[in-house]
There are 2 protein chains.
Amino acid sequence: MSWRKDKDDGRAERGYHHGNLKEALLQAALDLITKKGPAGFTFADAARMAGVSPAAPYRHFRDRDELIASIAQRGFEQFEALLTQAWDDGRPDTVTAFERVGKAYLAFARQEPAFYSAMFESGLPADANPTLMAASERAFAIIRAAAERLAALAPPGMPRPPAMMMALHIWSMSHGVASLFGRGDAARRKLPMSPEDLLEAEVLIYLRGLGFPTDRRPGAAVSDDKPAGPWGKPK
Amino acid sequence: MSWRKDKDDGRAERGYHHGNLKEALLQAALDLITKKGPAGFTFADAARMAGVSPAAPYRHFRDRDELIASIAQRGFEQFEALLTQAWDDGRPDTVTAFERVGKAYLAFARQEPAFYSAMFESGLPADANPTLMAASERAFAIIRAAAERLAALAPPGMPRPPAMMMALHIWSMSHGVASLFGRGDAARRKLPMSPEDLLEAEVLIYLRGLGFPTDRRPGAAVSDDKPAGPWGKPK
DNA sequence: CGGCTCATGTAAAGACCGTTCACATGAGCT
DNA sequence: AGCTCATGTGAACGGTCTTTACATGAGCCG
């Protein structure tokens, strides 16, 4: 995965021009954010890692914030792709696919903590960046579309929940779990279950509160004879 | 609210010794974090605001992180007090009090954004600070205690949900809503409802998913004849 | 009251960072 | 071959964090 023209030995031989500095800086920034958090990340450090002078990055990014915004942008794009794939247009059935979206959300936060912090925890001025906002909107649109389909399936006899509200609820649950329990080298708090299971149970209970059948067997309905809880069977 | 000995005209006459520097620094830091976020906050700025030299703060805090940790600590204490008051030992009834705790959580995040960011978004190494961890644990214990009481009320015929899990769920919902939609000068995203209503609906739906009656009339049970949704009546 | 001590403040300095500016280089086009 | 302009360099400015040596004076002890 080297972009160098000839040798790929780090930063050794290189002409006056780097050739792919913008990409190299984004990659370096990602590495640094992964290691030291978005606050600890340093513009100068990224330049050093790419083997250029501290002033070089300014040819590609107006300032440090624009670099972070670029990373967030890219993050939202990957995020959208991942969610789209997880949703898979509601296959094989809406509830299963919906659950998968929740899991994908958490998986992204855990596997790409650098992207995730750039996207949600870097304190960027939201209004200052319309294209970033649009990217975030597109990612959220996946969740919203899934909620739309789910809402349409609301069991008769129940009031139909607003899809937008459902989407916001799911988002807040996922973000809450990801942000509180999802990252950190070790679990910063002892949990009785994995973040994945925690989120899955949360979403299932929520869906049940809306009247959806949450058994895994397709076609199963909400039964009234001591249904098993979504948090696993007591052993 | 002046701690100065005589004049309270900002930073004017003051002996060689400040007299209450630690307190003044904490207050200044709070103001600065409120204005510019935890990242924008500067140790030197706080010193300036207190009218002392940039080196003075080091007599009271090992470094910048320790100041932020102190603020977080204080935040957790106020947070705990607020949650305790909201819970009010489950009066007048458990579900109502539980709802109130959720609202109090959000209210704290909105009214004390500086504390909130110091507590949850400052990226402090969690393990490095046992007393901070303990303070956070005490605050969470309120939510957990409330969940415990609520779980004990689980309607017969339903499996009893683990209180710890409920507490974590409620926490993640509250934090998710607060962190995504709660702060920001303007709403950084157009919402169909206020964050308060959004969270209230989310918690009510969740509780209903656990089998709790969520009507406001005490004693009302989950009915099967077109119950009103917790998100407000369609007009 | 006189003097001692030590917590608390200051000044100066080093290392680092973000940012800008004048200048150097060479890739790509004509 | 020669020109041009995007891209990289070096030096510099102001700011921050932090340490070190020194100054001050509040509180105590006799």
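Per chain, numbering begins at 1; letters A, B, ... match sequence-line order.
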Enquirer: Listed by chain and number, what are the salt bridge (charged side-chain N to carboxylate O under 4.0 Å, His left out) partners of E121(A), not counting sequence neighbours?
Expert: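 By the salt bridge (charged side-chain N to carboxylate O under 4.0 Å, His left out) rule, E121(A) matches R183(A).
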Enquirer: Categorize S53(A) for me: base, sugar-phosphate, or nothing, with a 4.0 angstrom heavy-atom threshold over every strand shown.
Expert: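 Touches a base.
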Enquirer: Not counting sequence neighbours, list each pair that qualifies as a side chain to side chain donor-acceptor pair (under 3.5 Å) and has a residue in residues 74-86 of chain A.
Expert: E23(A)-R74(A), Q73(A)-E77(A)
Enquirer: Whole-Å distance between dC17(D) C1' and D45(B) CG?
Expert: 13 Å
Enquirer: Taking all atoms of both residues into account, what is the closest heavy-atom pair of A163(A) and A151(A), and its distance?
Expert: CB-CB, 4.2 Å
Enquirer: Quick check: closest heavy atoms across F61(B) and L67(B), and the distance to 0.1 Å?
Expert: CD2-CA, 3.8 Å
Enquirer: Taking any heavy-atom pair under 4.0 Å as a contact, classify A44(A): base, sugar-phosphate, or nothing.
Expert: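 Sugar-phosphate contact only.
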Enquirer: Output the rounded distance in Å from CG (L21(B)) to C1' (dA7(C)).
Expert: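 Atom-to-atom, L21(B) to dA7(C), this comes out as 12 Å.
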Enquirer: Write down the distance between CG (N20(B)) and C1' (dT8(C)), rounded to a whole number of angstrom.
Expert: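 From N20(B) CG to dT8(C) C1': 13 Å.
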Enquirer: Counting the benzene-type ring for Trp, do F76(A) and F108(A) have ring centres under 6.0 Å apart?
Expert: no
Enquirer: Quickly work out the H60(A) NE2 to dT19(C) P distance and round it to whole Å.
Expert: 16 Å
Enquirer: To the nearest angstrom, how far is H18(A) atom NE2 from dA27(C) atom P?
Expert: 14 Å
Enquirer: Do the side chains of K103(B) and E200(B) get close enough for a salt bridge, i.e. N-O under 4.0 angstrom?
Expert: yes
Enquirer: Among pairs that include at least one residue of residues 32-56 of chain B, which meet ring-ring contact (aromatic ring centres under 6.0 Å, His included), considering only residues two or more places apart or in two chains?
Expert: F43(B)-Y58(B)
Enquirer: To the nearest Å, how far apart are F61(A) CZ and dC17(C) P?
Expert: 18 Å
Enquirer: Return the value, rounded to whole Å, for the distance between atom CG of D63(B) and atom P of dA15(C).
Expert: 20 Å
Enquirer: Please say which of W171(A), F115(A), Y105(A) ends up in a ring pair (Phe, Tyr, Trp, His ring centres under 6.0 Å) with F79(A).
Expert: Y105(A)
Enquirer: Tell me, please, which residues at least two apart from S172(B) pass side chain to side chain donor-acceptor pair (under 3.5 Å).
Expert: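 Checked S172(B) against side chain to side chain donor-acceptor pair (under 3.5 Å); matches are E202(A).
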Enquirer: Using the side-chain heavy atoms of F43(A), tell me which of these nucleotides is nearest: dT9(D), dT10(C), dT19(C).
Expert: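 For F43(A), the side-chain atoms sit closest to dT19(C).
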Enquirer: Rounded off to whole Å, could you give me the CG-to-P distance for the L32(B) and dT16(D) pair?
Expert: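 Checked: the CG to P distance equals 11 Å.
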Enquirer: Summarise how protein sits on nucleotides 19-25 of chain D as a single string, 5' to 3': B when a protein heavy atom is under 4.0 Å from the base, S for sugar-phosphate-only contact, - for no contact.
Expert: B-BBBBS
Enquirer: In residues 65-74 of chain B, what residues come within less than 4.0 Å of DNA chain C, judged by heavy atoms?
Expert: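 Nucleic-acid contacts, sorted: none.
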